[in-house]
Amino acid sequence: MAKIQKPGPWAAGFGILCLAIAIVCGYFGVVSLVRRYGGATVQAKIASCDVDHGLHGGHGAICKGTWTVTEAGHAQTVAGYIEGAEFSDEGKQIEVVVVGDRGFAKRTASGLGYTAAFFALLFLANAVMLLLGLYK
């Protein structure tokens, strides 16, 4: 029967790297889910969309819109960016989750959070297996 060898010195570094990735993914997952479930859900009118020349390389949309929030009995119209809105939403009313002056299209607000949380758990499990394997 083959003898199982102890992981080499690379395992500690890789385990710590996996742990760091798990922390970052977990942070972004929690922030996304808090935005999704912690903000107020309102109807927003998409005023305009422009091509996003940033990280998406000109393929995505940056949309601006307005929505009304009620605080202490006073209605206030807020204008801001709406993440997750698309070119086809321009001129339409869509459901968004708002936090301050930032809106998040409800259809995309939780997907990123759950995906990031999944990868956080995956990297955490990998880190635990690597680091515990060093002490056998």
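No experiment lies behind these values; they were computed from the predicted model shown. Excluded from the calculations below are hydrogen atoms, water molecules and symmetry mates; all remaining heavy atoms, backbone and side chain alike, are included.
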| field | Atom of Ala85, atom of Ile94 and distance for their closest heavy-atom approach | value | CB-CD1, 4.2 Å
| field | Residues in side-chain contact (heavy atoms from CB on, under 4.5 Å) contact with Phe119, at least two apart in sequence or another chain | value | Cys25, Thr115, Leu122, Phe123
| Nearest heavy atoms of Ala120 and Gly26, plus distance in Å | CB-N, 3.4 Å
| query | By side-chain contact (heavy atoms from CB on, under 4.5 Å), which residues pair with Leu121, not counting sequence neighbours? | reply | none
| Contacts of Cys18 that satisfy disulfide bond (SG atoms under 2.5 Å apart) - sequence neighbours left out | none
| request: Locate the shortest heavy-atom distance separating Trp67 from Gln43; write the atom from each residue and the value. | output: CB-O, 3.7 Å
| request: Could you note down all residue pairs passing disulfide bond (SG atoms under 2.5 Å apart) where residues 62-100 supplies at least one of them, sequence neighbours left out? | output: Cys49-Cys63
| query | To the nearest 0.5 Å, how far apart are CG in Asp89 and CD1 in Ile82? | reply | 8.5 Å
| said: Less than 4.5 Å apart, side chain to side chain, heavy atoms only: is that true for Val78 and Val98? | reply: no
| query | Excluding sequence neighbours, so at least two apart, what forms side-chain contact (heavy atoms from CB on, under 4.5 Å) with Lys45? | reply | Thr66, Gln93
| Linking I/L/V/M/F/W/Y whenever their side-chain heavy atoms sit closer than 4.5 Å, directly or via other members, would Val42 and Ile46 fall into one cluster? | yes
| message | Let me confirm one number: the CG-CD1 distance from Leu130 to Ile16, rounded to the nearest 0.5 Å. | response | 10.5 Å
| remark: Heavy-atom nearest pair, Ala75 first then Thr68, reads CB-CG2, 4.0 Å
| query | Val31: what forms a side-chain contact (heavy atoms from CB on, under 4.5 Å) with it, not counting sequence neighbours? | reply | Tyr27, Arg35
| message | I'd like to check Leu19 versus Leu124 (side-chain heavy atoms, cut-off strictly below 4.5 Å). Are they in contact? | response | yes
